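Beneath this line is the structure, given in structure tokens, with notes to follow.
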Amino acid sequence: MHAPRRLVGSAFAAATLLTCAVAVPAEGACRPLPDRYVVSRAEGVLPEGIDVRPEGTLYVSSDGTGALYRGRVTSPQLRPFRADGATARGSSRGIHTDRTGRVFSVGKGRLTVHAPDGRLLDAVDAPDGPLGAADLNDLVVTPDAVYVTDWANPVVLRAPLDGGKVGALEPWADVRGAFPGFPDRYWLLNGIVADPTGHTLLVASNGTEAVWRIDTATREVSRLDLGDTFGADGMVLHGRDLYAVLNYGAPHGVYIARLDAQLSSGTVVHRMTGDRFDLPTTLARHDCRLYVVNSQNDEPPGTPPYTVTALDDPVCQANG
């Protein structure tokens with residue numbers, strides 16, 4: 001996440017989407033779900049990251065204040081989520097939950113882990129990188145580790161998971177060798193996703209306008225071949241479908257690529273752009289719907305309300 005500041009217009013139509021969601025309990029009936037969620041009406045929030053739990057709990061982070069917000073896919077309004085240690089760092093970007101419901105988030109130089117009730121379970125500081133102080137951007141939780149991207153340094157960091165405890169956050173992969181001669185400071189690492197086994201990572205780099213593939217066994221870095229430049233910000237990997245938000249070097253919106261079995265190449269099969277987005281930074285996928293963060297990060301402090309746009313997943317529609 002954390003896109004370069006660029007000007008973009010915004011407009012939203014008031015409507016609802018009729019969807020049968022797993023999170024909806026009403027005797028299996030369909031209910032209309034909002035097509036827009038209000039994260040906050042307080043000035044300066046600048047939402048950044050998002051995660052939606054299988055049962056429909058929705059979390060959003062604030063780049064502007066560090067606060068975390070929580071809601072349900074059935075309700076259009078989120079509320080502040082008590083998260084001691086997150087607000088204190090002043091900025092929260094990537095946010096994801098694990099299978100137990102723990103809430104992992106990163107911002108500036110710190111990774112925090114909170115219980116579902118908001119209790120701070122772990123706080124891990126990142127060391128300086130080759131270019132200076134860490135500026136953590138996004139994370140992914142695998143079966144044995146947490147991997148974190150650094151916006152200010154061309155490195156991916158790793159913290160081991162041992163019995164649920166988060167270990168030290170240390171530099172793990174320096175990506176500069178994959179693109180010799182590219183200016184170090186402009187790698188601008190953004191979103192990161194992993195396959196279910198944790199054997200393959202995909203890392204977005206706004207600066208190189210590419211997505212990089214890392215083999216976690218060998219730490220070998222190679223470029224994901226999508227047939228064109230692809231400067232993604234936040235991403236979601238669902239099976240072999242890579243969902244990505246683009247806000248730099250391409251019309252702002254959601255792009256979906258179908259990847260090969262090795263997650264080494266693919267083809268963009270869907271593009272969703274237009275004025276329904278206001279500098280989108282990332283997205284989450286839940287029950288055949290996509291939830292896209294409108295950061296307003298191009299014109300801080302932005303203009304309340306700060307929102308998330310929901311839309312149908314065209315992959316689900318195509319598959320019937």
Side-chain angles (χ1 to χ4, degrees), residues 1-3 5-19 21 23-24 31-42 45-53 56-64 68-79 93-96 138 190-191 204 232-236 238 241-248 250-256 270-317:
M1 286 77 75
H2 194 60
R5 305 201 188 282
R6 296 165 60 89
L7 297 178
V8 61
S10 65
F12 294 98
T16 57
L17 299 175
L18 188 63
T19 305
V24 179
R31 286 184 180 177
L33 297 181
D35 71 346
R36 188 178 80 156
Y37 297 80
V38 174
V39 178
S40 176
R41 299 182 186 276
V45 167
L46 301 175
E48 181 76 15
I50 188 168
D51 185 75
V52 182
R53 300 275 303 151
T57 301
L58 186 153
Y59 290 92
V60 174
S61 62
S62 165
D63 188 17
L68 306 182
Y69 296 85
R70 183 167 66 183
R72 298 282 296 177
V73 296
T74 51
S75 172
Q77 180 68 57
L78 278 67
R79 298 284 184 265
R93 292 179 183 154
I95 184 168
H96 292 284
D138 199 9
N190 294 102
D233 198 340
M235 303 186 296
V236 167
H238 181 71
D241 294 311
L242 179 66
Y243 299 76
V245 166
L246 271 65
N247 50 38
Y248 177 73
H252 295 185
V254 176
Y255 294 66
I256 305 173
H270 296 284
R271 295 173 175 84
M272 292 169 282
T273 61
D275 60 7
R276 59 186 141 181
F277 306 120
D278 194 350
L279 197 78
T281 47
T282 192
L283 76 166
R285 181 187 181 279
H286 177 261
D287 195 40
C288 285
R289 294 224 299 169
L290 305 178
Y291 296 80
V292 184
V293 177
N294 297 300
S295 74
Q296 300 191 40
N297 214 0
D298 54 339
E299 295 180 310
T303 304
Y306 304 95
T307 63
V308 169
T309 296
L311 58 155
D312 290 333
D313 180 353
V315 174
C316 288
Q317 295 175 327

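None of the values given here were measured: they were computed from a predicted structure. Sequential numbering from 1 along the given sequence is applied to the chain's residues.
Remark: side-chain polar atoms of Ser295 are not paired, donor with acceptor, to backbone N or O of Leu46 under 3.5 angstrom. Side chain of Asn247 to backbone of Pro280: a donor-acceptor contact under 3.5 angstrom is found. Between the side chain of Thr282 and the backbone N or O of Gly49, no donor-acceptor pair lies under 3.5 Å. Side chain of Gln77 to backbone of Val38: a donor-acceptor contact under 3.5 angstrom is found.
Judged as a ring-ring contact (aromatic ring centres under 6.0 Å, His included), and not counting sequence neighbours, Tyr69 has no contacts. Partners of Asp241 according to the side-chain hydrogen bond (donor to acceptor under 3.5 Å, both in side chains) rule, which considers only residues two or more places apart in sequence or in another chain, are Arg258. Listed by chain and number, the residues in a salt bridge (Lys or Arg N to Asp or Glu O under 4.0 Å) with Asp313 are Arg285 (sequence neighbours excluded). The side-chain contact (heavy atoms from CB on, under 4.5 Å) check on Arg271 picks up Tyr255, Val268, with sequence neighbours excluded. Not counting sequence neighbours, the partners of Tyr291 by the ring-ring contact (aromatic ring centres under 6.0 Å, His included) test are Tyr37. For Ala204, the side-chain contact (heavy atoms from CB on, under 4.5 Å) partners are Asn190, Ala232, Met235, not counting sequence neighbours.
At least one side-chain heavy atom of Leu78 sits less than 4.5 Å from a side-chain heavy atom of Leu58. The shortest distance between side-chain heavy atoms of Thr57 and Val52 does not fall below 4.5 Å. At least one side-chain heavy atom of Gln296 sits less than 4.5 Å from a side-chain heavy atom of Thr303. Side-chain contact between Asp138 and His96: present, with at least one pair of heavy atoms (C-beta onward) separated by less than 4.5 Å. His270 is not listed as a side-chain neighbour of Tyr243, based on a closest heavy-atom distance of 4.5 Å or more.
Considering all non-hydrogen atoms of both residues, Leu279 and Asp298 come closest at CD2-N, 3.4 Å. Smallest separation of non-hydrogen atoms from Met272 and Leu311: SD-CD1, 3.3 Å. For the pair His252 and Phe277, the tightest heavy-atom approach, listed with the atom from each and the gap, is O-CD1, 4.1 Å. Here the closest non-hydrogen pair linking Ala310 and Pro34 is CB-O, 3.8 Å. Closest approach of Arg36 to Pro76, counting heavy atoms only: O-CB, 3.9 Å. Across Pro47 and Val60, no two heavy atoms sit closer than the pair CB-CG1, 3.8 Å.
With no hydrogens or angles considered, a side-chain donor-acceptor pair links Asn294 and Thr309 at under 3.5 Å.
With rounding to the nearest 0.5 angstrom, the CG atom of Asn297 is 7.5 Å from the OG1 atom of Thr281. Expressed to the nearest 0.5 Å, how far CG of Leu242 lies from CD1 of Ile256 amounts to 9.5 Å. A distance of 8.0 Å separates SG of Cys316 from CG of Asp287, quoted to the nearest 0.5 Å. The CZ atom of Arg289 lies 8.0 Å from the CG atom of Asp35; values are rounded to the nearest 0.5 Å. In this structure, the separation between NE2 on His286 and CG on Asp51 is 10.0 Å, given to the nearest 0.5 Å.
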